[in-house]
Amino acid sequence: MSNSKVVELAVLDAETVVPCCPPLTERPLTAEEAVRTAAMFKALGDPVRLRLFSLVASHEGGEACVCDISDVGVSQPTVSHHLKKLKDAGLLTSERRGTWVYYRVEPSVVAAMGQMLGTRS
């Protein structure tokens with residue numbers, strides 16, 4: 001019997017929550033856990049995406065309008081592409097309000113990332 005904790009990492013859509021994995025120091029990842037975790041790190045492995053994720057995560061109120069985070073040194077279509085990649089990896093959620101889209105990092109994602117890496121949040 002294992003005392004492993006499974007943490008939720010990604011919300012792919014309103015109905016699908018993908019569990020991640022226990023802390024890396026607890027046991028080796030299964031092949032499925034490794035695939036899901038690698039997708040998350042791959043999405044964050046691009047400097048522009050990491051910066052966008054950081055901008056959203058640190059934005060006042062926990063969400064950011066795309067109009068507030070678009071100045072990252074690339075064109076607006078490229079920003080949209082990177083935000084889509086972060087959403088596809090389950091790291092961001094979005095909501096359209098009028099002509100603007102607001103992004104937020106689910107608090108459970110940040111907590112799960114810290115727990116998986118064996119840090120205390």
Side-chain angles (χ1 to χ4, degrees):
M1 184 151 119
S2 171
N3 61 359
S4 297
K5 294 179 198 170
V6 175
V7 293
E8 293 179 0
L9 179 62
V11 178
L12 297 180
D13 59 41
E15 291 94 33
T16 309
V17 176
V18 178
C20 176
C21 47
L24 294 175
T25 56
E26 194 170 294
R27 66 165 171 79
L29 297 176
T30 66
E32 186 178 312
E33 290 168 339
V35 167
R36 282 194 305 265
T37 304
M40 175 195 68
F41 283 117
K42 183 176 181 181
L44 291 174
D46 180 278
V48 173
R49 286 195 286 266
L50 184 58
R51 187 157 178 223
L52 286 167
F53 184 78
S54 172
L55 284 166
V56 173
S58 64
H59 203 270
E60 185 177 331
E63 70 177 6
C65 174
V66 70
C67 59
D68 294 329
I69 59 171
S70 293
D71 188 20
V72 290
V74 296
S75 67
Q76 191 283 321
T78 303
V79 168
S80 294
H81 165 78
H82 287 302
L83 289 168
K84 181 181 182 328
K85 292 291 187 181
L86 291 167
K87 278 184 60 176
D88 290 347
L91 296 170
L92 293 180
T93 60
S94 66
E95 178 184 349
R96 179 170 290 283
R97 297 181 197 156
T99 58
W100 297 109
V101 178
Y102 288 78
Y103 290 88
R104 73 187 124 311
V105 175
E106 292 296 327
S108 61
V109 170
V110 176
M113 289 168 58
Q115 186 173 356
M116 183 196 63
L117 293 172
T119 61
R120 299 193 190 279
S121 51

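Side-chain atoms are counted along with the backbone in the values below, which use heavy atoms only and exclude waters and symmetry mates. Position 1 is the first residue of the sequence, and the numbers go up from there. Just so it is clear, the structure is predicted and the values come from calculations on it, not from any experiment.
Every residue two or more places apart in sequence or in another chain was checked for a side-chain hydrogen bond (donor to acceptor under 3.5 Å, both in side chains) with Ser54, and none qualifies. Residues passing the side chain to side chain contact (heavy atoms under 4.5 Å, CB included) test with Val101 are Ser94, Arg96, Tyr103, sequence neighbours excluded. For Ser58, there are no side-chain hydrogen bond (donor to acceptor under 3.5 Å, both in side chains) partners two or more places apart in sequence or in a different chain. Applying the side chain to side chain contact (heavy atoms under 4.5 Å, CB included) criterion to Cys65, with sequence neighbours excluded, gives Cys67, Asp68, Trp100, Tyr102. Partners of Ala39 by side chain to side chain contact (heavy atoms under 4.5 Å, CB included), not counting sequence neighbours: none found. Residues satisfying the side-chain hydrogen bond (donor to acceptor under 3.5 Å, both in side chains) test with Thr99, not counting sequence neighbours, are none. With sequence neighbours left out, Glu32 forms a side chain to side chain contact (heavy atoms under 4.5 Å, CB included) with Thr30, Arg36. Arg97 meets the salt bridge (Lys or Arg N to Asp or Glu O under 4.0 Å) test with Glu63, Glu95; sequence neighbours excluded. Remark: His82 engages Arg49 in a side-chain hydrogen bond (donor to acceptor under 3.5 Å, both in side chains) (not counting sequence neighbours).
Across all non-hydrogen atoms, the minimal contact from Ala64 to His59 is CB-CG, 3.6 Å.
Distance CG/Leu44 to CG/Leu91: 5.0 Å, rounded to 0.5 Å. Rounding to the nearest 0.5 Å gives a distance of 9.5 Å between NE2 of His81 and CG of Leu86. Between the CG atom of Leu83 and the CG atom of Leu52 there is a distance of 5.0 Å, given to the nearest 0.5 Å.
In summary, of the residues considered (Asp46, Val72, Ile69), a side chain to side chain contact (heavy atoms under 4.5 Å, CB included) with Arg51 occurs for Val72 alone.
The list of salt bridge (Lys or Arg N to Asp or Glu O under 4.0 Å) pairs with a residue in residues 77-86, not counting sequence neighbours, reads Lys84-Asp88.
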